[in-house]
Amino acid sequence: MPELPEVETVRRGLEPAMEGERFVKVDVRRGDLRWPLPKDFAQRLKGKTVTGLGRRAKYLLADLSSGDVLVMHLGMSGSFHVFHEKGKHLGRYYHDRSKHVAHDHVVFHMSSGASVTFNDPRRFGSMKLVARDKLDAEPLLKGLGPEPLGNEFDAAMLARACHGKKTSLKAALLDQRVVAGLGNIYVCEALYCGRLSPKRQASTIAGRNGESNERAERLVEAIKAVLQAAIKAGGSSLRDHRQTDGDLGMFQHDFQVYDREGEPCRTPGCKGIVKRIVQNGRSTFYCPICQK
DNA sequence: CCGACCGCCTGCCTGC
DNA sequence: TGCAGGCAGGCGGTCG
């Protein structure tokens, strides 16, 4: 599931259970995530307080009283669940510390009384402890492009990042060095919203000498609008992904093109049919008529 | 340097 | 019903 809107939704869900709270106990049930958790992972968390919970692109960043930052990524299938009360949760999760379901790999028992479970079937997710004063040098974060919802992300910046790029606009927007936090779904949605073809060469969104960056402007506005709407809807829920409280995100109902192959284009007056193509080994959905 | 491709790992859906 | 094959929201590494 997790692209920027889902990670932001997770961050907001975890905040009340974790911010200002201490790790009372940390259970590592399976440490071989994307990279193996260090042996002393649980020990380095125990007794420390979460002083803040932030997000950079698709990474969650928990600031700890020890001076470390816990950097977490959900990969393709990772999710967090918060359990406040004893008993069943969605018929399969329990607050009881001895009971777990498949793929519950890490459990944080917080001083708030809540337990926070990291579940990840495919184990593409990751956790890493990094000293805060070395965060700038952290390879996972170092090459990331601008935050798409930040004020500094504008048409000029996007045009510059795409300058000279021979690759498709779709591939460029998926490149986290160009803009950080978009994934396959929101790239498709943003391109539709900005009426730009995913097949267009990335460099062509910039206006040539003197021309305005009209396409880049439109694309930046589309990216921001789609992400903001998705966050507002609590992210999207595909397969069995849910928010930290078990609720479903709602934005999947608002997809205009993603996974809508063969459906009529939703642009008023457009007679196009949503098409699926494969770019760089991944599905792209778009309207061949109104996305130019 | 850039861009295309592979692999990681599991679950689910489709078609035979 | 069973099984093989394809596909999935990400990203780091390698190769040309």
Side-chain angles (χ1 to χ4, degrees), chain A residues 1-11 29-37 55-60 71-80 92 101-105 118-128 138-145 148 160-191 198-203 223 226-227 230-231 233-243 248-255 257-262 276-285:
Chain A
M1 105 88 211
E3 304 181 29
L4 188 153
E6 289 74 35
V7 177
E8 178 58 23
T9 300
V10 168
R11 192 197 67 75
R29 306 185 66 246
R30 234 195 126 149
D32 54 336
L33 304 182
R34 169 131 207 195
W35 302 288
L37 294 180
R55 179 189 58 73
R56 173 74 173 102
K58 301 174 196 172
Y59 290 91
L60 289 164
V71 179
M72 299 175 281
H73 197 287
L74 299 174
M76 292 272 266
S77 59
S79 59
F80 279 99
R92 61 187 201 115
V101 297
H103 313 304
D104 281 350
H105 301 315
F118 177 67
N119 183 287
D120 185 7
R122 292 171 76 176
R123 305 203 316 282
F124 289 172
S126 59
M127 293 191 188
K128 188 172 180 181
E138 169 52 42
L140 292 175
L141 307 174
K142 208 175 173 183
L144 291 174
R160 205 178 325 124
C162 289
H163 179 76
K165 278 213 169 286
K166 295 274 184 205
T167 194
S168 67
L169 186 52
K170 162 83 183 307
L173 294 178
L174 276 177
D175 184 338
Q176 302 297 297
R177 296 169 298 185
V178 171
V179 53
L182 299 177
N184 204 38
I185 291 176
Y186 293 105
V187 165
C188 291
E189 293 299 312
L191 285 169
K199 297 196 283 190
R200 165 188 288 279
Q201 185 174 305
S203 60
I223 289 168
V226 166
L227 294 180
I231 291 171
S236 42
S237 303
L238 295 189
R239 301 183 176 77
D240 62 350
H241 175 72
R242 287 165 188 266
Q243 299 178 12
L248 292 165
M250 284 295 142
F251 194 70
Q252 66 278 12
H253 303 298
D254 296 330
F255 291 165
V257 287
Y258 184 81
D259 209 17
R260 294 195 181 280
E261 182 182 18
R276 173 183 177 270
I277 59 173
V278 175
Q279 292 178 290
N280 304 85
R282 311 188 65 187
S283 290
T284 301
F285 300 88

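So you know, we letter chains A, B, ... as the sequences are listed, proteins then strands, and number each from 1. Only heavy atoms go into these numbers, but all of them, side chains included; no hydrogens, no water, no symmetry mates. Computed from a prediction, not measured in an experiment: that's the story for all the values here.
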* If you look at every strand shown and take non-hydrogen atoms under 4.0 Å, does A:Leu174 touch a base, only sugar-phosphate, or nothing? -> nothing
* Asked: Closest nucleotide of DNA chain B for A:Arg177 versus for A:Gly281: which of these residues is on the 5' side?
  -> A:Arg177
* To do: Write down the distance separating the P atoms in B:dC9 and C:dC3, rounded off to the nearest Å.
  => 24 Å
* Asked: Looking only at side-chain N and O atoms, does A:Thr167 come under 4.0 Å of OP1 or OP2 in B:dC2?
  -> no
* Asked: Any N or O donor-acceptor pair linking the side chain of A:Arg122 to the base of C:dA8 at under 3.5 Å?
  -> yes
* Just how far, in rounded Å, is P of B:dG7 from CH2 of A:Trp35? -> 19 Å
* Asked: Does A:Arg282 make a side-chain N or O approach to OP1 or OP2 of B:dC5 shorter than 4.0 Å?
  -> no
* Asked: Can a side chain N or O of A:His73 be found less than 4.0 Å away from OP1 or OP2 on C:dC11?
  -> yes
* Asked: Which nucleotide in the set B:dT10, C:dA8, B:dA4 lies at the smallest distance from any side-chain heavy atom of A:Arg123?
  -> B:dT10
* Could you tell me which nucleotide pairs with B:dC9 by Watson-Crick or G-U wobble geometry, both distances under 3.5 Å, or answer none if nothing does? => none
* Asked: Would you say a side-chain N or O of A:Lys58 is under 4.0 Å from OP1 or OP2 of C:dC11?
  -> yes
* Kindly determine whether A:Arg123 and A:Asp32 satisfy salt bridge (charged side-chain N to carboxylate O under 4.0 Å, His left out), including the steps that lead there. => CA-CA 8 Å; A:Arg123 305 203 316 282; A:Asp32 54 336; 3.3 Å; yes
* Closest nucleotide among B:dA4, B:dT10, C:dG10 to the A:His103 side chain -> B:dT10
* Write down the distance between CE (A:Met76) and C1' (C:dC11), rounded to a whole number of angstrom. => 10 Å
* Structure fact -> When rounded to whole Å, the CG to P distance for the pair A:Leu238 and B:dT10 reads 21 Å
* Asked: Could you give the NZ-to-P distance, from A:Lys142 to C:dC11, as a whole number of Å?
  -> 19 Å
* Which atom names give the shortest non-hydrogen contact between A:Pro148 and A:Val179, and what distance separates them? -> CB-CG2, 3.7 Å
* To do: Report the residue (A:Tyr59 or A:Ser283) whose heavy-atom-nearest nucleotide on DNA chain C is the more 5′ of the two.
  => A:Ser283
* Sole residue of A:Glu189, A:Glu6, A:Gln252 in side chain to side chain donor-acceptor pair (under 3.5 Å) with A:Ser236 -> A:Glu6
* Asked: Hey, is CZ on A:Arg177 packed in by over 12 heavy atoms from elsewhere, all under 6.0 Å?
  -> no
* Round to the nearest Å and state the distance from A:Asn184 atom CG to C:dC7 atom C1'. => 12 Å
* A:Gln279 (side chain) donor-acceptor with A:Thr284 (main chain) under 3.5 angstrom -> no
* To do: Would you sort out whether A:Leu4 and A:Arg55 count as a side chain to side chain contact (heavy atoms under 4.5 Å, CB included), showing the intermediate values?
  => CA-CA 9 Å; A:Leu4 188 153; A:Arg55 179 189 58 73; 3.3 Å; yes
* Rounded to whole angstrom units, what separation is found between the CG atom of A:Leu144 and the P atom of C:dG12? -> 8 Å
* Please state whether the phosphate of B:dC2, meaning OP1 or OP2, lies under 4.0 angstrom from any side-chain nitrogen or oxygen of A:Lys165. => no
* Could you check how far NE2 of A:His105 sits from P of B:dC8, rounded to whole Å? => 17 Å
* Could you state the CZ-P distance from A:Phe124 to C:dG10, rounded to the nearest angstrom? -> 11 Å
* To do: Identify whether any heavy atom of A:Arg276 sits under 4.0 Å from a base atom; if not, whether one sits that close to sugar-phosphate; answer base, sugar-phosphate or nothing.
  => sugar-phosphate
